[in-house]
Amino acid sequence: MNILSLTTMEFYKIKRSKILLLLTVPLILLWLPNVINAHMSAEPVMEGISPANNFLIQSFMGYVWFILPASIIVCTVMLQQMERTNRGILKMLALPLHPSALSLSKFSVLLSLTALQCALMTGCYLLCSRIASVYTGADLTSPLETALPLAVSVFLSALPMTALYWTLAVILKTPVFSMVLGLATMVPSVLFINTKVWFLYPTCYPFYVITQKYGQLAGDTAQKIDLLPWIPAAASIFILCLLLSCLLFGHGEKKH
């Protein structure tokens with residue numbers, strides 16, 4: 001079986017799971033208070049930013065700090081548990097396929113789920129910003145050329161974090177440990193973006209993108225995304241985590 005066939009099989013598996021529901025419910029919980037408290041966006045925290053851009057950034061800030069990483073962590077654990085239930089992983093490893101191919105197929109599904117949630121987040125923003133505009137009487141809808149690139153930047157910046165969480169799920173056989181450790185990495189992300197070595201901590205990447213964009217929209221020319229050494233560090237972390245997950249996937253199960 002090739003990776004494409006395995007990936008297609010993995011997508012069929014998640015149709016019977018509650019993963020899609022778990023991706024959607026947090027967004028609803030995020031947007032309800034955002035719409036109800038939309039009038040607060042008319043008073044930006046940073047001078048110079050428009051109410052529409054403030055509503056956009058504040059909404060995405062809550063998303064990237066908690067909901068996005070937490071959703072990725074839950075999805076990684078669920079993807080792993082689908083195979084470990086009823087010793088399914090042993091049945092898969094008994095097939096004529098390489099464990100690395102199975103790991104890559106599952107990681108591809110995880111990336112697709114992350115992209116889907118980012119798309120849902122953007123769609124919710126476009127809908128809720130219009131509702132909030134009517135509710136407050138102020139224009140709280142940023143142009144698409146601002147919102148869409150921001151959503152794409154969030155997804156791309158989350159790739160190393162996604163690879164890291166997938167590797168943790170592969171290494172840690174106990175789901176509770178994997179989830180707790182993953183959630184623990186979220187806490188210091190806000191602190192790391194204010195240090196000189198923030199580029200070594202992939203969990204803070206999406207939050208870094210949002211905060212930098214906030215300054216740019218407010219007219220702060222000093223706020224810019226430093227691509228060096230960020231991109232080389234992010235690429236290295238992504239590749240290293242992907243290699244580790246491929247090498248270690250199913251290793252513990254094979255011993256038994």
Side-chain angles (χ1 to χ4, degrees), residues 10 14 17-34 57-85 89 103 106-121 124 151 153-195 197-211 230 233-234 237-238 240-242 244-245 248-249 252:
E10 293 300 321
I14 65 172
S17 70
K18 297 180 180 178
I19 288 181
L20 296 179
L21 180 64
L22 291 174
L23 291 178
T24 307
V25 171
L27 297 181
I28 297 175
L29 297 177
L30 170 69
W31 280 109
L32 280 178
N34 282 351
I57 294 296
Q58 292 293 345
S59 301
F60 269 83
M61 195 170 288
Y63 173 64
V64 300
W65 179 71
F66 181 76
I67 292 179
L68 176 60
S71 298
I72 295 173
I73 292 167
V74 171
C75 286
T76 57
V77 173
M78 291 188 69
L79 285 172
Q80 279 292 72
Q81 282 304 106
M82 282 193 299
E83 294 298 346
R84 288 171 180 162
T85 303
I89 184 65
S103 177
K106 286 182 172 294
F107 182 67
S108 299
V109 172
L110 181 60
L111 289 183
S112 299
L113 293 173
T114 304
L116 174 61
Q117 191 182 54
C118 286
L120 289 173
M121 176 65 184
C124 287
S153 298
V154 167
F155 169 70
L156 293 177
S157 65
L159 293 181
M161 175 176 65
T162 307
L164 173 63
Y165 288 149
W166 174 244
T167 304
L168 290 177
V170 170
I171 295 175
L172 301 175
K173 305 304 179 184
T174 306
V176 175
F177 291 162
S178 176
M179 188 171 294
V180 170
L181 183 58
L183 293 174
T185 64
M186 295 164 46
V187 178
S189 60
V190 179
L191 301 176
F192 260 92
I193 62 174
N194 295 313
T195 67
V197 293
W198 63 269
F199 53 87
L200 297 178
Y201 199 72
T203 308
C204 75
Y205 289 174
F207 199 85
Y208 172 78
V209 168
I210 293 297
T211 54
W230 180 28
I237 293 172
F238 179 80
L240 177 61
C241 289
L242 202 57
L244 283 175
S245 62
L248 299 176
F249 187 85

inquiry  = Just verifying a value: how many Å separate I67 CD1 and M121 CE, rounded to the nearest 0.5 Å?
reply    = 7.0 Å

key: For S245 against S103, the heavy-atom pair lying closest together   = O-OG, 3.5 Å

key: Separation between OG1 of T162 and CD1 of I72, rounded to the nearest 0.5 Å   = 3.5 Å

request  = Taking all non-hydrogen atoms of both residues into account, name the closest pair between W230 and S157 and its distance.
outcome  = CZ2-CB, 4.0 Å

query = Which atom pair, heavy atoms only, marks the closest approach of V154 to C118?
reply = CG1-SG, 4.4 Å

query = Just how far is it from atom CG of L159 to atom CZ of F238, taken to the nearest 0.5 Å?
reply = 5.5 Å

query = So among Y63, F66, W65, which one has a side-chain contact (heavy atoms from CB on, under 4.5 Å) with F207?
reply = W65

request  = Could you label the plane-to-plane angle of the Y205 and W198 rings as parallel, tilted or perpendicular, counting under 30° as parallel and over 60° as perpendicular?
outcome  = perpendicular

query = Roughly how far, to the nearest 0.5 Å, is OH of Y165 from OG1 of T185?
reply = 2.5 Å

inquiry  = Between T24 (side chain only) and L20 (backbone N and O only), is there a donor and an acceptor less than 3.5 Å apart?
reply    = yes

ask   = Between L23 and Q117, which heavy-atom pair has the shortest distance, and what is it?
value = O-NE2, 3.0 Å

request  = Work out which heavy atom in P26 is nearest to a heavy atom in L22; give both atom names and the distance.
outcome  = CD-O, 2.9 Å

request  = Over all heavy atoms of both residues, which pair between M161 and P206 is shortest? Give the atoms and the distance, please.
outcome  = CE-CG, 4.0 Å

ask   = Just by modelled atom types, is the C241 backbone N or O under 3.5 Å from a matching donor or acceptor in the T167 side chain?
value = yes

query = Do L79 and I19 touch side chain to side chain, with heavy atoms closer than 4.5 Å?
reply = yes

inquiry  = Is any side-chain heavy atom of T114 closer than 4.5 Å to one of L68?
reply    = yes

request  = Would you give the length of the straight line joining atom OG of S189 to atom CG of L191, rounded to the nearest 0.5 angstrom?
outcome  = 7.5 Å

key: Close side-chain approach of F249 to W166, heavy-atom, < 4.5 Å   = yes

ask   = About how many Å separate OG1 of T76 and CE of M179, when rounded to the nearest 0.5 Å?
value = 7.0 Å

